[in-house]
Each structure stands twice: as structure tokens, then as C-alpha cells.
Amino acid sequence: MRHVGFIGLGIMGQPMALRLARSGTPLVVWNRTPTRSEPLRAAGAEVAGGPAEVFARTDVVLLMLADGLAVDTVLGRGTPRFAERVRGHVIVHMGTTSPEYSQALESDIRTAGGRYVEAPVSGSRVPARNGQLVGMLAGAQDAVAVVRPLLAPVCRETFVCGPAPNALLMKLSVNLFLITQVTGLTEAFHFAERQGLDRRLFLDVLDAGPMASAVSRMKAPKLLDRDFTVQAAAHDVLKNNRLIAEAARRTGLASPLLDVCHALFEETVASGHGGEDMAAVLRALEARSANGHGQEHGD
């Protein structure tokens with residue numbers, strides 16, 4: 001089996017690549033910060049000296065990068081290196097960018113003689129580590145057929161969403177629910193705590209009822225212990241929020257719950273907590289309460 005490339009070993013990329021390496025997938029990896037590659041080397045992956053080496057040694061390259069600028073830089077987009085790197089390759093865009101960016105990237109890759117698959121995933125660092133992500137794929141059927149089995153070690157289920165950018169639109173739809181769900185849980189926790197209730201008892205009652213979910217069970221201990229160690233970073237949630245809001249505006253859709261969450265995550269990031277878990281939105285709620293916002297509707 002020819003090696004598979006993996007570029008981008010951040011909060012999500014590193015545990016995903018480790019799952020692939022430990023499952024026997026022959027990987028060639030690269031990351032801008034070299035120390036992030038060392039666990040992959042220990043797991044049997046080969047560490048490239050740069051992106052060019054990854055493309056030279058592989059036919060399929062998975063990109064788990066922060067944004068479109070990072071993707072363009074790695075691919076050499078806009079330079080003669082772009083065609084050299086993508087020609088004859090399947091390029092798999094696993095990060096979260098705007099649907100418009102993805103469509104333009106697909107067009108450029110096809111023109112240069114490559115194939116393109118969107119493959120964003122739903123889930124945070126813990127599901128990534130445990131191989132429990134949900135994958136969404138979009139692109140030409142032949143390219144999707146190549147990529148889908150490669151994701152089996154990291155995804156408990158994958159869904160084919162049709163042509164690009166449908167996978168990214170599906171991811172944004174799912175994330176809209178996630179963002180409002182976690183914000184609602186956090187606000188309910190804040191309410192119970194400020195009403196003098198036993199916080200653990202509140203979470204136990206919640207967990208026993210119909211609103212309990214894998215998400216609430218993951219975030220409840222973090223709220224209880226004020227453990228904001230990152231699973232899904234607040235600044236990434238804010239980025240996703242902006243992408244969803246932009247997509248909603250372009251199609252004339254109302255998104256009132258999302259807009260409130262947008263403001264709260266902006267406040268969380270602005271107060272210096274963007275690198276903490278999204279449960280740190282609790283800090284924005286606490287700040288609003290301390291500033292008397294809780295009396296707005298009670299006068």
C-alpha cells in the first residue's frame with residue numbers, strides 16, 4: 001500500500017493521524033511545528049522534511065489545517081508549485097472553511113490535474129483520539145471512493161453528502177446545533193449555580209432526563225470542575241460561528257440563537273480565553289451577570 005500523506009498535527013490532526021498510524025496506515029506526515037510530529041514518529045509514521053516531500057511520496061494527502069491561508073500555503077496555491085503538488089493526487093480538505101473557498105479550491109485542483117474531496121469531521125479531541133468522529137464527504141464519486149475507507153480508523157461512521165461544498169455545509173449545520181447546545185447547557189449550569197442549587201445535583205438530574213447526551217456528559221464535568229482544558233477551543237468555535245453566520249446571511253436565513261452565541265464567544269475570546277475549551281463561554285456569562293446584565297428583563 002502506498003503511503004498516505006497527513007499535514008496538520010494540531011488539536012484534532014495529531015490524534016487523528018495517530019489513529020491512522022496505529023491502525024497500520026502507512027503515513028508520511030508534516031507539521032509546521034516539528035515537535036508535533038514526534039508522537040507520530042514513535043507510532044511508526046515517517047516524518048517529512050517539508051510539504052513537498054509529502055506530495056512526492058504519496059497519492060492521497062489529508063490536510064487538517066486551520067484555515068484557507070494555511071491550506072494555500074501548503075499546496076503552493078498561486079505559485080508554480082501548486083500544479084506540481086496536486087497533479088495526480090487526491091487532496092482531502094478536512095478542516096473547516098467557507099463553502100465558497102472550498103468550491104474555488106476544488107476548481108483549481110481539477111484544473112491542475114488533481115482530484116478533491118471535502119472531508120470535515122464532527123467531534124472534538126476526545127472522539128478523535130478514540131476513533132469516534134463522524135465524517136462527511138463530498139466530491140467526485142471516484143475520489144470519495146478512494147478516501148472513505150481511509151477514514152475508517154478515525155470515524156465511527158461516514159456520510160457521503162454529494163458534490164462539494166455539501167460536506168462543509170453539513171458540517172456547519174451540525175455545528176450550529178452543537179454551539180447552541182453547549183451554550184444552553186452552560187447557561188443552565190450558571191443559572192442553577194447562581195440560584196444556590198447544588199451544582200452536581202443539577203447535573204445528575206439533567207443526566208437522568210431526556211436532555212442528556214454525549215455532549216452534555218462530556219461538558220458537564222468540565223463545568224463542575226471549571227476545567228477548561230481544550231477539547232474544542234473557544235476561538236475555533238467563534239470561527240465556526242462566523243462561517244455559519246456568513247452562510248446564513250448569504251441565503252437570507254434568520255439565525256437568532258446563533259447570533260447570541262456569536263456575541264458570547266466573541267466576549268470569551270476577547271477576554272483572553274480563546275485557547276480554552278468552548279465550555280469557557282461560562283466566563284462570558286459570569287461577566288455579564290457581574291455587570292448587571294441579568295437585570296435587563298427584570299426591571
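A search for salt bridge (charged side-chain N to carboxylate O under 4.0 Å, His left out) contacts involving Asp225 returns nothing, not counting sequence neighbours. With sequence neighbours left out, Asp227 forms a salt bridge (charged side-chain N to carboxylate O under 4.0 Å, His left out) with Lys222. Not counting sequence neighbours, Asp204 has no partner by the salt bridge (charged side-chain N to carboxylate O under 4.0 Å, His left out) test. Looking at residues two or more places apart in sequence or on another chain, you find no side-chain contact (heavy atoms from CB on, under 4.5 Å) involving Ser173. Judged as a side-chain contact (heavy atoms from CB on, under 4.5 Å), and not counting sequence neighbours, the contacts of Ala280 are Phe228, Thr268, Glu276, Arg283. Lys219 meets the salt bridge (charged side-chain N to carboxylate O under 4.0 Å, His left out) test with Asp277; sequence neighbours excluded. With sequence neighbours left out, Glu100 forms a side chain to side chain donor-acceptor pair (under 3.5 Å) with Arg250.
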Just distance, no hydrogens or angles: give the donor-acceptor pairs under 3.5 Å from side chains in residues 126-134, sequence neighbours left out.
{"unit_1": "Asn130", "atom_1": "ND2", "unit_2": "Val126", "atom_2": "O", "d": "3.4"}

Only distances under 3.5 Å count here; give the side-chain donor-acceptor pairs of residues 175-190 to other protein atoms, sequence neighbours excluded, each with its distance to 0.1 Å.
{"unit_1": "Asn175", "atom_1": "ND2", "unit_2": "Asn240", "atom_2": "OD1", "d": "2.7"}
{"unit_1": "Thr180", "atom_1": "OG1", "unit_2": "Leu176", "atom_2": "O", "d": "3.0"}
{"unit_1": "Thr180", "atom_1": "OG1", "unit_2": "Phe177", "atom_2": "O", "d": "3.1"}
{"unit_1": "Gln181", "atom_1": "NE2", "unit_2": "Ser213", "atom_2": "OG", "d": "3.3"}
{"unit_1": "Thr183", "atom_1": "OG1", "unit_2": "Ile179", "atom_2": "O", "d": "2.7"}
{"unit_1": "Thr186", "atom_1": "OG1", "unit_2": "Val182", "atom_2": "O", "d": "2.8"}
{"unit_1": "His190", "atom_1": "NE2", "unit_2": "Ser289", "atom_2": "OG", "d": "2.8"}

I'd like a table of donor-acceptor pairs (distance under 3.5 Å, sequence neighbours excluded) in which one partner is a side-chain atom from residues 160-170, with atom names and distances.
{"unit_1": "Asn166", "atom_1": "ND2", "unit_2": "Cys161", "atom_2": "O", "d": "3.1"}

Hey, can you pull the donor-acceptor pairs under 3.5 Å for the side chains in residues 31-40, sequence neighbours left out?
{"unit_1": "Asn31", "atom_1": "OD1", "unit_2": "Leu9", "atom_2": "N", "d": "2.7"}
{"unit_1": "Asn31", "atom_1": "ND2", "unit_2": "Thr33", "atom_2": "O", "d": "3.0"}
{"unit_1": "Arg36", "atom_1": "NE", "unit_2": "Leu9", "atom_2": "O", "d": "2.8"}
{"unit_1": "Arg36", "atom_1": "NH2", "unit_2": "Leu9", "atom_2": "O", "d": "3.1"}
{"unit_1": "Arg36", "atom_1": "NH2", "unit_2": "Gly10", "atom_2": "O", "d": "3.1"}
{"unit_1": "Glu38", "atom_1": "OE1", "unit_2": "Arg41", "atom_2": "NE", "d": "3.1"}
{"unit_1": "Glu38", "atom_1": "OE2", "unit_2": "Arg41", "atom_2": "NH2", "d": "3.3"}

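Under the 3.5 Å distance criterion, with hydrogens and angles disregarded, no donor-acceptor pair is assigned to the side chains of Arg19 and Thr25.
Arg87 places no side-chain N or O within donor-acceptor distance of the main-chain N or O of Gly113, the cut-off being under 3.5 Å. Panel note: side chain Thr251, backbone Ala247; a donor-acceptor pair is recorded below 3.5 Å. Checked by atom type and distance alone, the side chain of Lys171 never pairs as donor or acceptor with a backbone atom of Ser122 at under 3.5 Å. In this structure a side-chain-to-backbone donor-acceptor pair under 3.5 Å is missing from Arg199 to Glu193. Without hydrogens or angle criteria, Asn291 side chain to Ala287 main chain gives a donor-acceptor distance under 3.5 Å. In this structure, Ser216 contributes its side chain and Ala212 its backbone to no donor-acceptor pair below 3.5 Å.
No side-chain heavy atom of Val61 sits under 4.5 Å from any side-chain heavy atom of Arg85. Using a 4.5 Å heavy-atom threshold, the side chains of Leu63 and Ile7 count as touching. Residues Asp236 and Val230 fail the side-chain proximity criterion, which asks for heavy atoms closer than 4.5 Å. Residues Met12 and Met94 have side chains not in contact (no heavy-atom distance under 4.5 Å, counting atoms from C-beta outward).
Both Leu18 and Val47 are members of a single hydrophobic cluster when ILVMFWY side chains are connected at heavy-atom separations under 4.5 Å. Met64 and Val144 fall within a single hydrophobic cluster, where Ile, Leu, Val, Met, Phe, Trp and Tyr are joined by side-chain heavy atoms under 4.5 Å apart, directly or via other members. The hydrophobic clustering, which links ILVMFWY residues whose side-chain heavy atoms are closer than 4.5 Å, places Val90 and Val74 apart. Taking hydrophobic clusters as Ile, Leu, Val, Met, Phe, Trp and Tyr residues chained together by side-chain heavy-atom distances below 4.5 Å, Leu285 does not share a cluster with Leu224. Linking Ile, Leu, Val, Met, Phe, Trp and Tyr residues whenever their side-chain heavy atoms come within less than 4.5 Å leaves Val215 and Leu203 in two separate clusters.
To the nearest 0.5 angstrom, Gln14 atom CD is 10.0 Å from Phe6 atom CZ. For the atom pair Thr96 OG1 and Leu65 CG, the distance stands at 11.5 Å (nearest 0.5 Å). Met278 contributes atom CE, which lies 9.0 Å from atom OG of Ser124 (distance to the nearest 0.5 angstrom). Rounded to the nearest 0.5 angstrom, Asp108 CG and Leu75 CG are separated by 10.0 Å. Taking NE2 of His235 as the start and CD of Glu266 as the end, the distance is 15.0 Å to the nearest 0.5 Å. The CG atom of Leu105 sits 5.0 Å away from atom CZ of Arg77, with the distance rounded to the nearest 0.5 Å.
At a threshold of 4.0 Å, the pair Arg288-Glu267 counts as salt-bridged, since one of the basic side-chain nitrogens sits closer than that to a carboxylate oxygen. Using a 4.0 Å cut-off between charged nitrogen and carboxylate oxygen, Arg242 and Glu246 do not count as a salt-bridge pair.
Of all non-hydrogen atoms in Gly135 and Val121, the two that sit nearest each other are CA-CG1, 4.2 Å. Here the closest non-hydrogen pair linking Arg125 and Pro15 is NH1-CD, 3.8 Å. Heavy-atom minimum distance, Lys239 versus Ala66: NZ-O, 2.7 Å. The two residues Gly139 and Glu106 have their closest heavy-atom pair at CA-OE2, 4.4 Å. In terms of heavy-atom proximity, Leu27 sits nearest to Ala17 at CD1-O, 3.4 Å. Closest approach of Leu151 and Thr158 over heavy atoms only: CB-CG2, 4.4 Å.
Pairs engaging residues 89-130 under the ring-ring contact (aromatic ring centres under 6.0 Å, His included) rule: Phe55-His89 [sequence neighbours left out].
Atom CZ of Arg194 sits in a crowded spot, with more than 12 heavy atoms from other residues, nucleotides or ligands closer than 6.0 Å.
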